[in-house]
Amino acid sequence: MMDSKVNLKPLLKYPGGKSDELPYIMQNLPATINNYIEPFVGGGAVYFHLNNKYNYINDKSEELMLLYKYVKDNNKTFYSELDNIIDNWDKLSALSSDKRITQLYIQYRAQNDIDMEEQLSNIIRIDNVPMFNLRSHINFEKFLMRCLTAKFKVLRKNELLKKEELGEILLKDNLEAGIKAAYYTYLRDVYNNPKEYNNLSKPRKVAIYLFIREYCFSSMFRFNKTGGFNVPYGGVSYNKKTLESKKEYYKSLIVRKLLKNTELYQLDFYDFVNVITLQEDDFMFLDPPYDTTFSEYDKNSFNQNDQLRLANYLIHECRCKFMLVIKKTEYINQLYQNSGLNIEEVDKNYFVSFKNRNKKSVKHLIITNY
């Protein structure tokens, strides 16, 4: 049975997460639940909120499932890598307080033809900041130079367009965003090119995975055609964000207790549901990738053939109660209409439209077999 005393929050933000829909989902659950099963767990908003006693969760993303495993096991190496990132992030604020950077921008503002890059290189050499714990100083310096140079140019362009110069506080905040964007971009490069950084250990890669998920623009997670994660840093509003409180949440006994009562898998959904023994009083919640032209999360595609496999399983094979939440498209509607399942259509409003990939007002289907 469910432990309804404490409703937990997800470990990380996740595209398509169901935190906003929790009130509707919770009021439409079955009356009793034995085992809770989730084949596409993602951020696990329902899983954490439900806080059920017995659970089976699955996702094809290796880094995501390793994150769950490391938190479950209280993995010391993972937390050491995370502490290193948190420490460096905090120290970047000190670097951004270097008045020479602000003064150089003011000089650049007044005299565009100064040798900005040469002067910046003398200020931001990481050899002069020994408190940073970096595997590759040279690469970080490269990104720091690139991001700050770009920030100088963008700030000046905007000032000229608006015919208004930034005040001291806003200028410092924007320059700090440039510096922190450099560290974010450096770690994103490490994540995308592990062989160039001596083949990352899995705990380090998962710590970086968590960091870039939390600090990328609107927590979107998208890849380019060559497989590289390419979402930029979130900007000024992310400067003061810290992973320290999230780390403490991970270590809390109540989170670890839930994970201790959970079996973790990294399989195709069909393989997953066939390695566990489903019973009639179990409940399966499904939030699969949507039927869209862009349906990749963590480089794991889920195409229309996969949607067909899922529909056939739910309609003809599933032996427990289930709820499927999915974006309504013509194809999805065709798969489930006349299936004998209960189908309800609801509005879903998106607050962020990333490069117009998401319409801000769409319909969702809530499909159940009970």
Side-chain angles (χ1 to χ4, degrees), residues 12 15 59-67 69-70 75-92 95-96 117-118 120-151 153 176-217 219-235 238 241 243 266 294 296-301 354-355:
L12 74 171
D59 201 282
K60 287 187 72 176
S61 168
E62 179 184 24
E63 286 103 345
L64 177 66
M65 297 315 296
L66 280 174
L67 174 62
K69 182 180 187 302
Y70 292 157
N75 186 283
K76 292 182 179 179
T77 307
F78 164 71
Y79 281 117
S80 175
E81 295 289 356
L82 189 58
D83 282 338
N84 178 54
I85 290 173
I86 293 170
D87 187 53
N88 283 339
W89 187 255
D90 290 343
K91 287 169 180 172
L92 287 169
L95 180 60
S96 67
E117 294 189 12
E118 181 180 350
L120 266 177
S121 67
N122 293 328
I123 298 172
I124 65 177
R125 282 191 60 193
I126 300 306
D127 290 341
N128 298 327
V129 193
M131 73 281 265
F132 279 92
N133 186 358
L134 296 164
R135 266 62 164 198
S136 177
H137 284 197
I138 294 174
N139 279 3
F140 178 55
E141 285 180 13
K142 176 184 70 177
F143 287 114
L144 191 52
M145 176 65 73
R146 182 187 302 170
C147 289
L148 265 180
T149 301
K151 180 62 72 174
K153 293 177 180 178
E176 181 177 355
I179 290 170
K180 292 194 167 180
Y183 186 62
Y184 168 88
T185 309
Y186 160 72
L187 287 184
R188 189 183 69 180
D189 191 60
V190 176
Y191 177 82
N192 284 336
N193 303 288
K195 290 183 179 179
E196 295 181 15
Y197 294 87
N198 298 319
N199 289 316
L200 303 181
S201 69
K202 287 187 176 180
R204 176 160 163 74
K205 189 168 187 181
V206 172
I208 293 174
Y209 166 86
L210 172 64
F211 171 81
I212 60 178
R213 267 206 177 281
E214 290 296 310
Y215 285 89
C216 65
F217 177 74
S219 297
M220 304 301 294
F221 215 67
R222 296 290 187 261
F223 297 84
N224 59 26
K225 292 180 180 179
T226 61
F229 173 64
N230 63 350
V231 181
Y233 174 56
Y238 287 58
K241 190 173 180 179
L243 291 176
Q266 187 208 332
F294 195 92
E296 292 191 9
Y297 294 86
D298 289 346
K299 294 179 281 191
N300 296 308
S301 64
F354 186 71
K355 293 187 178 179

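Between the side chain of Asn192 and the main chain of Gly228, no donor-acceptor pair closer than 3.5 Å is present. Judged by distance alone, with hydrogens and angles left aside, the side-chain atoms of Trp89 form no donor-acceptor pair with the main-chain N or O of Asn84 at under 3.5 Å. At least one donor-acceptor pair closer than 3.5 Å links the side chain of Asn193 to the backbone N or O of Asp189. A donor-acceptor contact shorter than 3.5 Å is absent between the side chain of Lys151 and the backbone of Ala181.
Between the NZ atom of Lys142 and the OG atom of Ser121 there is a distance of 16.0 Å, given to the nearest 0.5 Å. Summarising the geometry, atom CG belonging to Leu187 is positioned 11.0 Å from atom CG belonging to Asn139; distances are rounded to the nearest 0.5 Å. In this structure, the separation between CG on Leu64 and CG on Asp59 is 5.0 Å, given to the nearest 0.5 Å. Rounding to the nearest 0.5 Å gives a distance of 12.0 Å between CD1 of Ile85 and CG of Asp90. The structure places CZ of Phe229 at 5.0 Å from CD1 of Ile212, a figure rounded to the nearest 0.5 Å.
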What verdict does the side chain to side chain contact (heavy atoms under 4.5 Å, CB included) test give for Tyr233 and Thr185, after you've listed the backbone C-alpha separation in whole Å, the side-chain angles of each residue and the deciding distance to 0.1 Å? CA-CA 7 Å; Tyr233 174 56; Thr185 309; 5.6 Å; no

How far apart are the C-alpha atoms of Tyr184 and Cys216, what are their side-chain angles, what is the distance that settles it, and do they pass the side chain to side chain contact (heavy atoms under 4.5 Å, CB included) test? CA-CA 8 Å; Tyr184 168 88; Cys216 65; 3.0 Å; yes

Decide yes or no on side chain to side chain contact (heavy atoms under 4.5 Å, CB included) for Tyr197 and Tyr186, but give the supporting numbers first. CA-CA 11 Å; Tyr197 294 87; Tyr186 160 72; 4.0 Å; yes

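In this structure, the side chains of Ser219 and Glu214 stay at 4.5 Å or more apart for every pair of heavy atoms. Side-chain contact check for Leu95 versus Leu144: some heavy-atom pair is nearer than 4.5 Å. In this structure the side chain of Phe143 reaches within 4.5 angstrom of the side chain of Arg146, judged on heavy atoms. Put simply, the side chain of Leu66 does not reach to within 4.5 Å of the side chain of Phe78, judged on heavy atoms. Side-chain contact between Glu63 and Tyr191: present, with at least one pair of heavy atoms (C-beta onward) separated by less than 4.5 Å.
Other residues, nucleotides and ligands place no more than 12 heavy atoms under 6.0 Å from the NZ atom of Lys153.
Relative ring orientation between Tyr238 and Tyr215 is described as tilted, the plane-to-plane angle lying within the 30° to 60° band.
Every side-chain hydrogen bond (donor to acceptor under 3.5 Å, both in side chains) that Glu176 has, sequence neighbours left out, goes to Ser93, Lys180, Lys240. Considering only residues two or more places apart in sequence or on other chains, Thr77 meets the side chain to side chain contact (heavy atoms under 4.5 Å, CB included) condition with Asn75, Pro203.
For the 3.5 Å distance criterion, the side chains of Asn88 and Tyr183 qualify, holding a donor opposite an acceptor. If you check the side chains of Asn224 and Thr226, you find a donor sitting under 3.5 Å from an acceptor.
Between Lys202 and Glu62 there is a salt bridge, since at least one side-chain N of the basic residue sits less than 4.0 Å from a carboxylate O of the acidic one.
Here the closest non-hydrogen pair linking Met220 and Val231 is O-CG2, 3.8 Å. Nearest heavy-atom pair, Cys147 versus Ala182, reported as atom, atom and distance to 0.1 Å: SG-CA, 3.6 Å.
The cationic group of Arg213 lies under 6.0 Å from the six-membered ring centre of Phe221 and within 45° of the ring axis, placing it in a cation-pi geometry.
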